[in-house]
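Only one structure is covered here, and it is reproduced in the block below.
Remember, it's 1-based here, ligands and their atoms both numbered in the order they're listed.
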Amino acid sequence: MTNIEISVTTDYKKRANDYVHEVYDLVKKRNPDEKEFLQATREIFDSLRPVFIKHPEYIKNGILERITEPERIIQFRVAWEDDQGKVHVNRGYRVQFNSDLGPYKGGIRFHPSVNSSIMKFLAFEQIFKNALTGQPIGGGKGGADFDPKGKSEREIMRFTQSFTTELSKYIGPDVDVPAGDIGVGRREIGYMFGQYNRLKGGYEAGVFTGKDPNHGGSLGRKEATGYGTVYFVDEMLKAKNLSFKGKTVIVSGSGNVSIYAMEKAMQLGAKVVACSDSDGYIYDRNGIDLDLVKQLKEVENKRIWEYTKEHPEAEYHEDRSKIWSIKCDIALPCATQNELDEIAAHMLVANGVIAIGEGANMPCTLEAIDLFQEHEVLFAPAKAANAGGVAVSAMEMSQNSMRLSWTVEEVDERLQAVMKNIYASCIDAAERFGHPGNIVVGANIAGFLKVADAMVAHGIN
Ligand code: NDP
Ligand code: 2IT
């Protein structure tokens, strides 16, 4: 390189660094108390420096400033009456973050911890995840600080209907298409869909995804996130001549994502020895009895400790974070954000873990991710690894538009192709931007490029 070339490169590097710093400071100033949102933006910003060196046009178009500010946030009151006639008020949200690639798309979460920071981090992650699927969907998320635990079925129905009455003003098959997330499954989506159609006086099949396959849903959607996570991790393992066969696996949580991650890992020959709920975890060294977990969690709505009633040889422990102290080859955090911190990461590394796959959204803290990377543990980040759920949601939208249904085999084949494709895009982007093998950087860059190009093409708005 000549002296001039070196100084030009240094100039570009400095400009890219300054840009990322300046915008991150702005985001911090504008959202001072939103720690989850700042954590999610931080991870993306850290990955994007090499992009701005190669693409100064993104700086000129103010892409980072624009992509970190939601297009719209809707916050609303949800009043409902319990079985005793007492009135309650919860807070509902829909964050419509970015629509440059398609209608806003993302789940609805009912959990007492829901607040503006959690909604924004989830919607922000969804922009890049949805871009990675290659399907025409923008990024959004919604929910309420409602706790479904201890509520009767009728209370959940009334709450969900009240929530939807307000939400219905802002959504539609070509505008914003919600789905499930924590605390929202097929039953709640059914109540939302019913209420929406009642209010609109029609039948708009494509307004929600995750519907019952007997009533407009896609086969394979319930399984898609968990299966997809395992397909993605399998790709990562295959690249190192490894596989799930004979591996010991831990999966946190025992909800929708966890159950189907366990199922696919078992189908691929792994032994899953532990899973959890928000109270504690079970450890069954003989291998988890998944039919029993499904019965307890999907049918009877019970706590995970009840597993030990049928399997007294299994252990139950109350401190759910200690699930990561069990020796395993592969860990799949599938419960919630920041459930796997640096201490947990140390325990996993000390026990010789070879791969981590994020089934939940942002389950590992930034410090935990750094530690895994330092120790060369294979790491599949959420926005790539758990994109199978929203990918099959987009397939549900296609089926609804065409008024037809694909077979479960057809959906699964497409899901596998999407996960392989996401893996290849991450590896390719990581390589092209100077971080070979780093799937965190690869996923962030590959997702970002798609959205940024669309934002440039659509002009400044
Ligand atoms: P579910 O409500 O079906 O299950 C959630 C599980 O996580 C339950 O076992 C729950 O335990 C546990 N959990 C929830 N909150 C906490 C908490 N604060 N601390 C500890 N454990 C907790 O949700 P999903 O399986 O749908 O979602 C799990 C994760 O996957 C979330 O991060 C979600 O955003 C993400 N995800 C979901 C997708 C989907 O298609 N559903 C798609 C992509 C990502 P308990 O029953 O005790 O509350
Ligand atoms: O986090 C997620 O990707 C979801 N909760 C699923 C979103 C969807 O629209 O299927």
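Here atom 6 (C) of ligand 2 lies nearest to Arg221 when heavy atoms of Lys105, Arg221, Lys129 are compared.
Using a 30° and 60° split on the angle between ring planes, Phe97 and Phe37 fall in the tilted class, from 30° to 60°. Between Phe159 and Phe146, the ring planes lie parallel to each other; the angle is under 30°, not in the 30° to 60° tilted range.
Rounded to the nearest 0.5 angstrom, Met347 CE and Lys322 NZ are separated by 6.5 Å. Expressed to the nearest 0.5 Å, how far CD of Glu36 lies from OG of Ser117 amounts to 4.0 Å.
Across every non-hydrogen atom of Leu340 and Ala345, the tightest pair is CD2-N, 3.8 Å. Asp83 and Ser152 get closest at one heavy-atom pair: OD2-OG, 2.6 Å.
Interface of Gly106 with ligand 2, defined as ligand atoms under 4.0 Å from a residue heavy atom, comprises 7 (C), 9 (O). Proximity to Ser393 (heavy-atom distance under 4.0 Å) selects the following atoms of ligand 2: 8 (C), 9 (O), 10 (O). Of all atoms in ligand 2, numbered sequentially from 1 with element shown, those under 4.0 Å from a heavy atom of Ala179 are 8 (C), 9 (O), 10 (O).
Partner of Asp277 under the salt bridge (Lys or Arg N to Asp or Glu O under 4.0 Å) criterion, chosen from Lys149, Lys302, Lys297: Lys297.
Residues Tyr423 and Phe232 place their aromatic rings such that the two centres sit under 6.0 Å apart.
In terms of the side chain to side chain contact (heavy atoms under 4.5 Å, CB included) criterion, residue partners of Val299 (sequence neighbours excluded) are, by chain and number, Gln295.
Residue Gly180 places a heavy atom less than 4.0 Å from ligand 2. Residue contact check for ligand 2: Lys141 places a non-hydrogen atom closer than 4.0 Å to it.
Contact shell of ligand 1 (protein heavy atoms, cutoff 4.0 Å): Arg109, His111, Lys129, Lys149, Asp181, Ile182, Gly183, Arg221, Thr225, Gly253, Ser254, Gly255, Asn256, Val257, Ser276, Asp277, Ser278, Arg303, Arg320, Cys334, Ala335, Thr336, Gly359, Ala360, Asn361, Asn386.
The protein heavy atom nearest to atom 7 (C) of ligand 2 is Gly107 N, 3.5 Å.
Of the heavy atoms in Thr225, none comes closer than 4.0 Å to ligand 2. Residue-level proximity to ligand 2 for Gln126 is carried by the side chain, the only part with a heavy atom below 4.0 angstrom.
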Check the pair Phe163 / Phe110 against side-chain contact (heavy atoms from CB on, under 4.5 Å), numbers first and verdict last.
CA-CA 10 Å; Phe163 177 85; Phe110 290 166; 4.1 Å; yes
